[in-house]
Structures are given as C-alpha cells and as structure tokens.
Amino acid sequence: MLARAVACSVRGLAGVPVIVEADIANGLPNFTVVGLTDRAIQEARERVRAAINNAGYTFPSRRLTVNLAPAEVPKEGTGFDLPIAVAVLMIGNPALRLDGRGFIGELALDGSVRPVTGVLPMARCLRAAGVRQLVVAAENAEEAALVESLEVVGVSSLQRCVAHLDGSAPLAATPPGSPVAVCGDLADMATVRGQATAKRALEIAAAGGHNLLMLGPPGSGKTMLARAFCSLLPDLTSDQSLDVAAVYSLRGALRERPPTSTRPPFRAPHHSVSRAGLIGGGSGLAQPGEISLAHHGVLFLDEVCEFPRTHLEALRQPLEERAVSLVRSRGGVVFPADFVLVAAANPCPCGHLGDERGCSCTAPTLAGYVGRLSGPIRDRIDLVVHVPRQRFNDLFEAPAGESSHTIRARVEAARAVQAVRNGGWRRARHNSALEGRALQELAAPTAAATRLLALAGERLQLSARGYFRVLRMARTIADLRAATVVGEPDVAEALAFRGEQAR
Ligand SMILES: [Zn+2]
C-alpha cells in the first residue's frame with residue numbers, strides 16, 4: 001500500500017518540491033526514511049512515531065518505508081515531519097484528501113504542529129509547482145499567505161490537520177496580507193541640520209544605486225545620515241518586497257520586519273559580527289547573512305576599518321555579482337545580496353585629521369590606515385564624502401533643509417529615467433552597474449565634458465577605474481536634472497566626490 005504527500009526542500013532561496021512516499025509491506029515492524037536525508041530528518045522518524053501515537057492514532061506495526069523523492073535533491077530541516085505523518089496516516093485512512101495540497105511543519109511529540117523557518121520561499125516554490133492549498137503550522141500561516149493565489153491553512157495539531165483533510169472539520173483559509181508602507185524608515189533628512197555636501201552625495205548615491213563612503217570624525221552625524229539615506233530610496237515593488245521577506249523567513253527574522261513592508265531594509269551590523277553572520281553560512285541549514293537581509297536595501301558598515309579584513313574581502317564577490325555563493329558540503333547555496341553599501345570611517349585613527357583640534361597620528365599609522373581604506377571594497381565605492389563635525393551653533397542655526405519625501409521624488413524620477421535607458425544592458429538597472437562600453441555609450445558626455453575628463457585624467461592622474469567612477473557619478477548627476485547628455489558641470493561635481501584621499 002502506497003501513499004503520497006507533497007513537501008518542499010529549500011536551498012538558498014530556491015525551493016524544490018519533494019514527494020513523500022510512504023509504503024507499508026508485510027514484515028517485522030520497522031520504520032526507515034530514505035532519500036538523501038540529513039540528521040534532522042532521521043530524527044523525524046522518532047517525532048512522527050510519537051506524534052501519531054500521542055495524537056490518538058495507531059502507528060502501523062508492519063514494515064514502513066518512507067522515501068523522499070527526487071533522491072538526488074539534498075533535503076534539510078524539520079519541515080518534513082508533517083508531510084511524512086499525513087502520508088503514513090493516509091495508508092490506514094483513505095478518506096484523507098491530499099491531492100493538490102502541500103505540507104510544511106515540524107511535529108512535537110504530543111502531536112502539535114510547530115512553525116519552521118523558510119516557509120515563504122517554500123510556499124512560493126510549491127505554488128509555482130501547482131499546489132493549490134498549503135497546510136502549515138498556525139504560526140506560519142500569515143507568512144505563507146503572502147504568496148498570491150495560494151490557499152493557506154494553518155493547523156495547531158496533527159488532529160486538526162487530519163480533521164481538515166478528511167472533511168470532518170474543515171478549516172478556513174488564512175486571509176492574504178496587505179502591503180504596509182509606513183514603518184521602516186529610521187530618520188528623515190530634515191532631522192539632520194547642515195551637512196549640505198553629504199546630503200547631496202546621499203541623493204546622488206540613492207539615485208544611481210552607488211556605494212558610498214563617509215569620512216568624518218566621531219559625532220559628526222554619519223550614522224544619522226546613513227539611517228536617513230534609507231528614506232531616500234523608492235518603495236519596493238510587491239515582488240521585491242516578497243524577495244526580502246523570503247530572506248527574513250529563512251533567517252527566522254520576520255519579527256524584525258513586517259513581511260508586507262514595502263520599505264527597503266536597512267542593516268547595520270557591528271564590526272564584531274561573525275563572518276557567517278555577515279556573509280551567510282553556518283552549520284546545518286545555510287542561513288542568509290546581513291548582506292542578504294539588506295537585499296534591495298542598504299548595508300551600513302560603521303567604522304568600516306574595524307571590520308576584519310577577511311570579512312571585507314568576502315564582500316567583494318557579492319558587490320560584483322549582487323548575490324553570494326556559499327560553498328556547502330553538499331553543493332553550493334546562492335542567496336541574493338543586491339544592496340547599496342554605505343560605509344563610514346574616521347578620517348584617521350585619532351579622528352581629528354583636518355579639524356581644529358589637530359591630528360595626533362604618526363605618519364606610519366596614518367599610512368596604514370589609508371591602506372586599510374583602499375582595501376578590497378574600495379573598488380566598488382563610487383562616492384566619497386567628507387562629513388565634518390558641525391560647529392555647535394550650526395546645529396541650531398542651520399536651516400533644516402529638505403525632507404526625505406522631497407528628495408525621494410527626485411531620486412524616483414532619476415531612477416525611472418535609468419530604467420528606460422539602461423534597460424538593454426544586462427543587470428545594469430542602475431547607473432552603478434554600468435561598466436566599460438555600456439557606460440561610454442549611455443553616459444554620452446558633451447565635448448566640453450569630455451575635455452574636462454581628459455584634463456582631470458592628466459592633472460589628477462586618474463586611473464582607468466577612477467575615470468569610470470567619475471563618469472558613472474556624472475551620469476547620475478545628469479539624470480537628477482533630467483538631462484540626456486552629461487555636461488561639464490556634472491563631471492565637475494562628480495570629480496569632487498571621487499575621494500582621492502582614500503585611493
Ligand atoms: Zn589622526
């Protein structure tokens with residue numbers, strides 16, 4: 001006798017439907033689970049057996065084999081308990097209707113159904129595979145219901161699940177969530193007084209998706225500016241919002257962020273974060289790191305020089321590819337990591353280089369510090385802006401300046417222009433991704449702008465990389481004023497943000 005239930009395995013954000021087959025044959029009582037399983041699934045045997053007995057059903061006392069197919073797909077986690085249990089129960093109770101349904105959930109020994117992480121990416125996968133109704137733990141129902149045109153039923157126990165499946169006590173579907181646009185922004189540009197240059201740099205960075213480095217002494221407001229930067233980014237589309245929620249679901253972090261939020265995420269890991277915490281990985285089920293939690297949003301690295309060099313080195317690939325590949329014992333995992341990097345650092349180890357108190361650093365420590373700044377991620381940073389300490393009076397007398405709302409309107413307009421113009425170039429949604437020939441063609445500098453670039457190249461000894469950096473920024477500056485060609489003033493402003501000091 002054979003029964004089948006649909007489950008899901010997830011690697012990175014990619015799910016694979018898994019068919020749980022249960023077969024009973026005559027022979028000595030025995031229960032085996034086959035199909036490339038990890039330890040948690042082997043332990044599932046004990047949980048499923050106890051849950052079935054304690055829920056008041058009879059566990060088959062014959063030779064029971066459960067196969068998770070396809071066998072070559074690696075399967076991890078505890079979400080397989082529930083599908084295994086319903087497949088086993090169906091053998092003795094043909095009244096259970098499993099067709100068109102998928103199951104995700106962990107079982108407690110008393111038969112209650114527990115939530116698992118990663119339900120959202122699994123729900124997306126099963127919906128795409130044709131599952132119409134998904135049965136999950138009650139705590140996971142709201143999350144799974146984010147997936148469009150998927151009916152989600154939350155169950156608290158195996159008994160409730162069985163009563164739903166045999167039709168004796170059908171449960172209502174969980175209503176779909178609605179988008180939340182309000183929460184998420186941590187600061188408004190208007191709350192930061194003065195700092196006009198830094199604000200302009202942030203506007204350019206937001207408009208072109210450029211990575212940015214702020215140099216300034218402690219207490220100059222770098223952190224406040226970084227938080228306000230997030231408020232300049234456009235709302236996420238519903239697809240992007242679901243992508244972000246899927247990463248948070250895998251990390252079990254949906255409590256930190258409403259899954260229906262349409263604001264870009266802001267992550268600010270401390271420099272003591274572990275490499276796995278920042279990049280992703282860990283033992284057991286691979287976890288996304290901070291860089292993936294910042295997907296479609298902002299990763300803020302305060303005191304960037306304090307991060308271990310190996311951590312910064314590991315950021316190079318995600319910054320290039322906008323995704324991170326983690327090597328695992330049973331094949332690689334890929335997580336998305338398309339974020340804008342905002343880094344902040346003191347101008348020198350003592351923090352007073354260029355201010356009235358004067359720098360007390362020795363030449364070698366200063367040289368070493370600049371060396372750390374020009375490290376692995378420097379190549380991917382387009383804008384460098386100095387954030388001086390505000391004079392006490394300026395904090396009160398400087399005008400409040402524009403609100404984030406006003407600046408965001410300009411950012412959105414500039415991004416719309418880029419989406420149309422850059423559309424033909426693969427992955428170059430924003431100007432920050434333009435390279436080489438694409439950049440040359442799309443930037444379209446005027447003759448005067450070209451002359452200024454050539455002159456700057458000569459006088460300032462711009463490297464090829466520095467030249468492209470300036471041109472990319474100039475393209476965004478021109479987009480902000482809705483110009484089709486890059487003019488001389490655009491190049492001049494970009495030259496001021498190229499950050500020669502930290503080269
Ligand atoms: Zn110093």
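Atoms within each ligand, like the ligands themselves, are counted from 1 in listed order.
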**Q.** Nearby protein N/O/S atoms (those under 2.8 Å) for the Zn ion (ligand 1), with water ignored
**A.** C348 SG, C350 SG, C359 SG, C361 SG
Q | Name of the residue among H210, R421, R472 meeting side-chain hydrogen bond (donor to acceptor under 3.5 Å, both in side chains) with N431 | A | R421
Q: Check whether more than 12 heavy atoms from other residues, nucleotides or ligands sit under 6.0 Å from atom NE2 of H271, and answer yes or no.
A: yes
Q.
Checking the side chain of S432 only, and the main-chain atoms of G208 only, is there a donor and an acceptor separated by less than 3.5 Å?
A. yes
Q: Output the distance between atom CG (D490) and atom CG (L480), rounded to the nearest 0.5 Å.
A: 9.5 Å
Q | Any residue meeting side chain to side chain contact (heavy atoms under 4.5 Å, CB included) with C348, in chain and number order, not counting sequence neighbours | A | C350, L353, C359, C361, L366
Q. Are E435 and R380 ion-paired here, with the side-chain N under 4.0 Å from a carboxylate O?
A. yes
